[in-house]
**Q** 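Can you keep this structure in mind? I'll have questions shortly.
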Amino acid sequence: MSDPPAAASPGSDFAIDVTGVTKRFGSKTVVNAIDLRVRRGEIYGFLGPNGSGKTTFIRMLCGLLTPDAGTGTCLGYDVRAQQSDIKRHVGYMTQKFSYYEDLSIRENLDFIARLYNLPDRRSAVQCSLERLGLANRSHQLAGQLSGGWKQRLSLAACLIHSPQLLLLDEPTAGVDPKARREFWDEIHRLAAEGLTVLITTHYMDEAERCHRLAYLAYGKLLTHGTLDDVLASVRLTTWSVTGPDLLELAKKIRGLPGIEQVVAFGTTLHVSGRDAAALEASLTCVRDPRHEWKKIRSGLEDVFISLMDSAKDNFA
Amino acid sequence: MSASRFTLHRLWAIVLKEFIQMKRDRVTFGMMVGIPLMQLMLFGFAINSDPKHLPTALRAADQGPFARTLVAALSTSGYFTLTHEAATEAEAHRLLQLGEVQFVINIPEDFSRRLLRGERPSLLIEADATDPSATGPALNAVRAIADHVLDRDLTGPLARLRAKAGPIDLQLHAHYNPENITQYNVVPGLMGVVLTMTMVIITALAITRERERGTMENLLSTPVRPFEVMLGKILPYIVVGYIQVTLILVAAHFVFHVPMIGSLLLLYAVSLLFIAANLAMGITFSTLAKNQLQAVQMAFFFFLPSILLSGFMFPFRGMPEWAQWVGSILPNTHYLRIVRGILLKGNGLTEIAPHLWPLLAFLVVAMAIGVKRYRQTLD
Ligand SMILES: Nc1ncnc2c1ncn2[C@@H]1O[C@H](COP(=O)(O)OP(=O)(O)OP(=O)(O)O)[C@@H](O)[C@H]1O
Ligand SMILES: [Mg+2]
């Protein structure tokens with residue numbers, strides 16, 4: 001910890017500013033020397049395949065796990081030494097529902113409000129019930145709620161103490177599209193009020209709603225930046241094909257030099273690769289006048305899969 | 001850890017939450033009341049260290065008046081109930097072997113004749129002594145009966161055959177429970193046993209359950225401190241403990257008529273220490289256990305010596321030194337003496353004080369281990 005009190009300047013531009021954060025479980029390095037800076041008021045998307053260390057990283061940020069290496073600050077507080085200060089100003093929504101199923105919505109919120117010793121507890125609880133539309137089912141037991149309502153309760157609970165930073169771990173997993181849209185609208189409203197949000201997700205459309213993104217695989221940060229930065233970070237060329245017998249075509253081109261991904265989407269096929277020249281060379285061999293070929297912008301998903309494939313080559 | 005010290009409002013938050021959860025969990029709450037009642041029935045009515053009316057076979061080759069007096073006296077002692085007549089020694093042994101009878105009384109054919117001649121005829125009582133505690137009291141009673149039962153029949157010139165007084169005039173005063181009523185001993189002892197069993201198991205699950213359900217992760221991400229969580233989980237169960245104490249005392253008084261000589265107020269006051277010690281033990285188990293099954297196993301592991309080595313089941317002083325040593329660590333051992341002391345002997349604070357310190361020490365150590373072992377992170 002080279003810069004202890006100086007780093008704890010709450011006025012800093014960054015809500016999260018960590019370098020070299022590492023976590024090992026036994027001999028396995030789950031989070032490997034991650035550097036991350038998240039500006040205040042930003043919605044930061046944290047993506048990566050299952051087991052890439054997203055949850056572990058978030059737990060280290062809010063003081064639930066102690067990093068094996070690395071330094072940094074969260075809201076200006078040292079992530080190693082000032083965990084209890086961090087806890088008071090961070091709202092953490094766990095990946096798995098973690099409120100009491102045998103308590104009602106109101107009782108759960110009331111419990112959390114008491115733990116934070118909120119000055120005007122009753123109105124804080126009532127306020128958060130209303131804000132997230134939970135007011136008319138506040139007496140329902142949390143265990144009897146559907147997934148979407150559980151998610152709202154979790155969000156309400158981790159907002160109740162007006163945190164400055166929200167850490168949301170896959171908040172929308174298993175939630176229907178409309179509820180997801182509403183959830184994201186709410187997140188944007190909160191960010192506009194100055195809240196910083198770090199959010200993990202597996203949905204590409206959600207990733208596109210973040211100000212900035214980071215992509216993690218095998219514990220390593222592979223790329224980060226705005227959507228365009230991320231798209232540009234991998235020089236991926238993608239062609240879209242429409243026409244008959246796409247399945248046959250897919251079979252034929254898979255494995256040709258330069259062709260890294262062949263993905264079927266209903267009536268189109270996306271073919272992408274990082275080496276544009278090799279890709280086009282391979283494609284000319286299989287050109288068929290019945291097919292319509294079009295060069296398109298690579299999607300986030302294609303980029304991530306490409307990133308993951310190359311990461312596998314590096315780490316496996 | 002500068003900013004967060006122990007605070008009452010967080011403690012109160014945990015206490016309230018536990019009460020609500022307790023209220024919702026009807027089965028567990030029912031168990032907490034049901035277990036004491038069930039154990040009272042089992043131990044209170046079933047255990048008897050002074051068993052009577054044991055089945056007895058009589059092989060009487062002599063039917064004379066002396067033999068009849070003797071048999072009648074043995075029956076009226078209450079220990080022996082004649083259920084079989086055996087004609088031969090082989091038949092008698094068979095009854096013992098089958099377990100049909102506990103005793104065989106053998107009266108030889110020349111019993112009366114030899115008695116009158118002053119030849120000290122033998123009276124053989126054979127016992128199935130596989131369980132010494134079943135036969136012990138009965139055999140002790142026989143000795144006293146044999147010495148004096150015939151005194152009334154031995155009149156006139158026969159009076160010289162009466163047993164002579166020994167050189168010592170032996171006086172026995174069995175204080176506190178002169179009639180040797182097992183329940184006077186067992187029912188007060190049950191308080192410690194019931195509390196140990198329910199309190200330790202319930203709290204052993206407390207933190208393990210939070211961890212298994214994933215609520216721990218949430219709790220840890222709030223500013224709540226370990227000591228607040230532990231104390232907050234203990235306090236509600238102290239109330240439950242007192243309900244149990246009251247249930248047992250009511251039953252002891254109205255059902256088993258156990259004398260209550262000492263101060264009940266004192267008993268209630270010191271029970272707090274014992275209940276808290278057990279709860280702290282349970283909480284500590286729950287910080288050590290990886291899952292609820294392990295937690296219950298640990299609680300059971302603690303429960304066994306508490307019942308066997310505390311002096312509840314077997315006399316404490318009859319145990320080898322190492323067992324007494326283990327026993328004196330256990331809270332139940334001391335609580336047992338406190339309860340029996342207050343109820344049966346009318347002990348006051350000064351008499352029970354030597355047993356309060358070990359309870360307090362146990363509480364502090366268990367709590368300290370628990371707080372230390374309570375993981376503030378998920379590491
Ligand atoms: N307490 C632990 N002990 C040992 N290994 C762990 C522990 N927690 C996580 N891991 C391992 O660390 C790796 C990363 O897990 P983590 O939960 O951080 O991944 P994730 O990116 O959140 O995955 P997902 O998208 O599935 O939620 C996994 O391989 C997991 O098995
Ligand atoms: Mg995760």
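Model, not experiment: these values are computed from the prediction. The basis for the numbers below is simple: all heavy atoms, side chains too, and nothing from hydrogens, waters or symmetry mates. So you know, we letter chains A, B, ... as the sequences are listed, proteins then strands, and number each from 1.
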**Q** Take atom CG in Leu304(B); do more than 12 heavy atoms of anything else shown fall under 6.0 Å from it?
**A**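 Yes, CG of Leu304(B) has more than 12 neighbouring heavy atoms, counting only those of other groups under 6.0 Å.
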**Q** Identify which part of Leu167(A) has an atom lying under 4.5 Å from any heavy atom of chain B, answering side chain, backbone, both or neither.
**A**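 Interface part for Leu167(A): neither.
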**Q** Heavy-atom cut-off 4.5 Å, strictly under: side chain, backbone, both or neither for Arg213(B) against chain A?
**A**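 Its backbone and side chain both get close to chain A.
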**Q** With Phe274(B) as reference, evaluate Leu363(B), Ile338(B), Leu359(B) under the side chain to side chain contact (heavy atoms under 4.5 Å, CB included) test and give the passing residue.
**A**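 One option only clears the test, and that one is Leu359(B).
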**Q** Apply side-chain hydrogen bond (donor to acceptor under 3.5 Å, both in side chains) to residues Asp169(A) and Thr55(A) and explain how you reach the verdict.
**A** CA-CA 7 Å; Asp169(A) 198 357; Thr55(A) 302; 2.7 Å; yes
**Q** Find out whether Thr28(B) and Met22(B) are in side-chain contact, i.e. whether some heavy atom of one side chain is under 4.5 Å from a heavy atom of the other.
**A**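 Contact flag for Thr28(B)/Met22(B) side chains = no.
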**Q** Below 4.5 Å from any heavy atom of chain A, which atoms of Leu219(B) appear? Answer side chain, backbone, both or neither.
**A**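 For Leu219(B), the side chain is the part near chain A, not the backbone.
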**Q** Relative to chain A, which segment of Glu210(B) carries a heavy atom at a distance below 4.5 Å: side chain, backbone, both, or neither?
**A**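 Looking at Glu210(B), just its side chain touches chain A.
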**Q** Indicate yes or no: at least one non-hydrogen side-chain atom of Thr284(B) is less than 4.5 angstrom from one of Tyr374(B).
**A**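 Heavy-atom side-chain distance check fails, nothing below 4.5 Å.
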**Q** Any idea which of Phe97(A), Tyr92(A), Tyr100(A) has the most non-hydrogen atom pairs under 4.5 angstrom with chain B?
**A**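 Counting heavy-atom pairs under 4.5 Å, the top option is Tyr100(A).
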